[in-house]
Each structure stands twice: as C-alpha cells, then as structure tokens.
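Let me begin by presenting the structure, written as structure tokens, before commenting on it.
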Amino acid sequence: MFKSFFTILAAFALQLTFAPFASFADNHKASAKIKVLLIDGQNNHDWKRCSPVMMETLKATGRFTIEVATVSKAEVAGFNPDFKKYDVVLSNYNGASWTKDTEKSFVQYIKGGGNLVVVHAADNSFPKWKEFNEMIGLGGWGGRNEKDGPYVYWKDGKIVRDDSKGRGGSHGRPWEYKVIVRKKDHPITRGLPTEFLQVKEELYDRMRGPAKNMEVLATAFAKGGSERHEPVLMTITYGKGRIFHTVMGHSHTSMGGVAFQETLIRGTEWAATGKVTFPPITAAELPVERAVYRDVKDIKPLK
Ligand code: ZN
C-alpha cells in the first residue's frame, strides 16, 4: 500500500518536474531560430537607420538571429561571406558590384536551396548581373528598360506582362497606399487581411525584369505614377532557392508601418523555411481605413 502510494506520488512528482521541461523542449524545437545574414553598407536610402528597424522587427519575434555584413565600396573586393551558414540573406544593399567569385558563390548558394529577401531599393542593385535579376524577378533604375524584361502589373483580374518600351523603375509622391492581396492562399498572405494600408511612403512602379518563376502576392495602385496596379509583394523560385521581394520599406519611418513589419516577418520566415508559423494578423491590427505605425517594442514574440 505504502509502496504503491509512493510510486504514484513519485510519478506525479516526475510529471511535475518534467512536464514543463518537455513542453519547453517541444516549443524550442518547433521554433528553432532562423539564421539571417543582413547585407547593407551602400544604398541610396538611409541604410544606417533602416537596417536596425528590420533587425529589431525580426528579433522581437524571437524567431530569428541576425548577423550583419556591412560592406562599404572599399570593402567590396574582400567581401565573400560563407552564405551557406545562413538560412536566408536579407538584402538592404544597393551598391557596387560584388566580385565574380562572390557572385558565383551567391548563385550557388541560392540555386542549392539558399534563400533571399529583397527590400525596396535592394531591387535597384546589380542591373547587369543576370542571375541576380532572375532571383528578384523585377528591378528598377540602373539603366533598366525593355532589354531587361517586361513590365508586370495587375489588370482585369490577372497579371499582365507588358513588353512595351520604356524605363524600368519610377515612383510617384509618397502617400498611404492600399495593398490588395491577389494571391490569398500563399503562406505569407494567408494570415493577412485581403486589403490593408501601408504608411506614407513612395510606391515603386514600372519595374521590369525577367519575372520568371515569379508570383505576385499583392499589388497597389500607383496613383500619380503609372496608374496601374503594381506588384508590392512577390515570391520567386530560383533553383531550389526561395525569394521574397517587397517594394515596401523606403525609410526607417515607413518601416514602422505594421504593413511593412508583418510582411517582412512572414516573408522572411517563408523564404527561410517554406512555411509561416506566425498567427494571422487581424483587420483590427492591420486595417484598410487607416495606416498604422507600431513601435518594435510592441511586436509580440512568437509563442
Ligand atoms: Zn525609396
């Protein structure tokens, strides 16, 4: 009697001791940190103030660890990181061409299943690097025109590829633009309201590029610009690599928009893993009636 009571007590104690540990271990396993390499150091935008917002946004979720490679023009010749150490590369870089060796190792990394997130002016970079332009789908400026690929936009319920001549890359005046989800069943967009407002910033339009293996997840109407529904969120596959491309994120201020933050978080996780484990964002959190800013301190960690 005593023995069996003791056994039950011991088992109960054991459960008390180990249950929390087991559940911690499960959670930890489910949310192993994603290793991000953020590349910056040259940009026609204020990368010194933008990169910290992106890092803090991702870190606040508890899902990511981030290392930064800041590459000045003088440092490009010696820049050749071991990309394979990272689950995903986050580019905030719009600057001088990398060396041929670095380009080659980056192409090998992405082809072999490495992943990439391209934010705003990072898609202005490397206009002459063929493989990079295939990775990003669309780009702007840097002499891009019809030789680089079609314009891509949404018209009459579908994506149009337009080969007409003209410059690649433009934007109207900054404003609060409405993002409309066009592909609702993608892991990135599945948890987003179907329409929401980004805070005031310029909206890229008339981008051009190879646009191969590319899906446009969301568009925004470029009022005062191209007057077309322009791609805002895109995914591209290149070899085994996944690429998430967002044209949002002009400044550290507009990176304070919930629209930018949530799409960056979801897009980076998707690029790194092919899945999104973050809970859905409600229309109250990301409304279409007004543009909402959020302090990174108010980002809830992933449970
Ligand atoms: Zn900009």
Side-chain angles (χ1 to χ4, degrees), residues 38-58 68 70-71 73 89-96 116-127 129 132-133 135-145 148 151-153 166-179 196-209 216-234 243-265 267-268 291-294 296:
L38 190 159
I39 303 177
D40 64 12
Q42 296 173 61
N43 205 313
N44 61 327
H45 291 63
D46 190 354
W47 61 269
K48 285 183 185 172
R49 292 211 277 184
C50 288
S51 288
V53 181
M54 287 194 269
M55 289 168 65
E56 285 164 24
T57 299
L58 293 176
V68 184
T70 297
V71 191
K73 201 166 181 182
V89 168
L90 169 56
S91 179
N92 186 26
Y93 181 93
N94 176 19
L116 172 66
V117 175
V118 179
V119 173
H120 196 66
D123 69 19
N124 297 187
S125 215
F126 309 131
W129 181 6
F132 181 78
N133 284 278
M135 291 173 200
I136 66 174
L138 295 172
W141 293 271
R144 286 175 172 89
N145 59 26
D148 299 285
Y151 294 121
V152 176
Y153 48 88
R167 62 172 298 170
S170 180
H171 61 76
R173 293 161 70 107
W175 61 300
E176 294 177 348
Y177 57 84
K178 183 170 82 173
V179 180
F196 51 89
L197 221 55
Q198 162 62 340
V199 299
K200 187 175 177 181
E201 67 172 2
E202 67 194 26
L203 170 65
Y204 279 179
D205 64 37
R206 300 185 182 95
M207 309 282 282
R208 326 193 60 132
V216 176
L217 304 185
T219 63
F221 186 71
K223 190 178 72 176
S226 67
E227 300 282 328
R228 300 196 286 235
H229 289 274
E230 297 281 352
V232 172
L233 306 174
M234 292 153 266
I243 294 101
F244 172 64
H245 180 174
T246 176
V247 303
M248 290 189 214
H250 166 73
S251 70
H252 70 286
T253 312
S254 68
M255 285 182 175
V258 175
F260 174 80
Q261 292 174 350
E262 290 297 344
T263 51
L264 179 75
I265 290 166
T268 306
V292 185
Y293 290 90
R294 178 175 58 185
V296 290

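As the structure lists them, so they are numbered: ligands from 1, and atoms in each ligand from 1. Both backbone and side-chain heavy atoms feed into the values below; hydrogens, waters and symmetry mates do not.
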Donor + acceptor pair across side chains of H171, E201 (<3.5 Å): no
H45 near the Zn ion (ligand 1): N/O/S under 2.8 Å: yes
Separation between CD1 of I39 and CG of N92, rounded to the nearest 0.5 Å: 10.5 Å
Ring geometry between F126 and W129 (parallel below 30°, tilted from 30 to 60°, perpendicular above 60°): perpendicular
H250: its N/O/S atom lying closest to the Zn ion (ligand 1) (atom name): ND1
Which N, O or S atom of E202 lies nearest to the Zn ion (ligand 1), by name: OE2
Shortest non-hydrogen contact from D148 toward P127: OD1-O, 4.2 Å
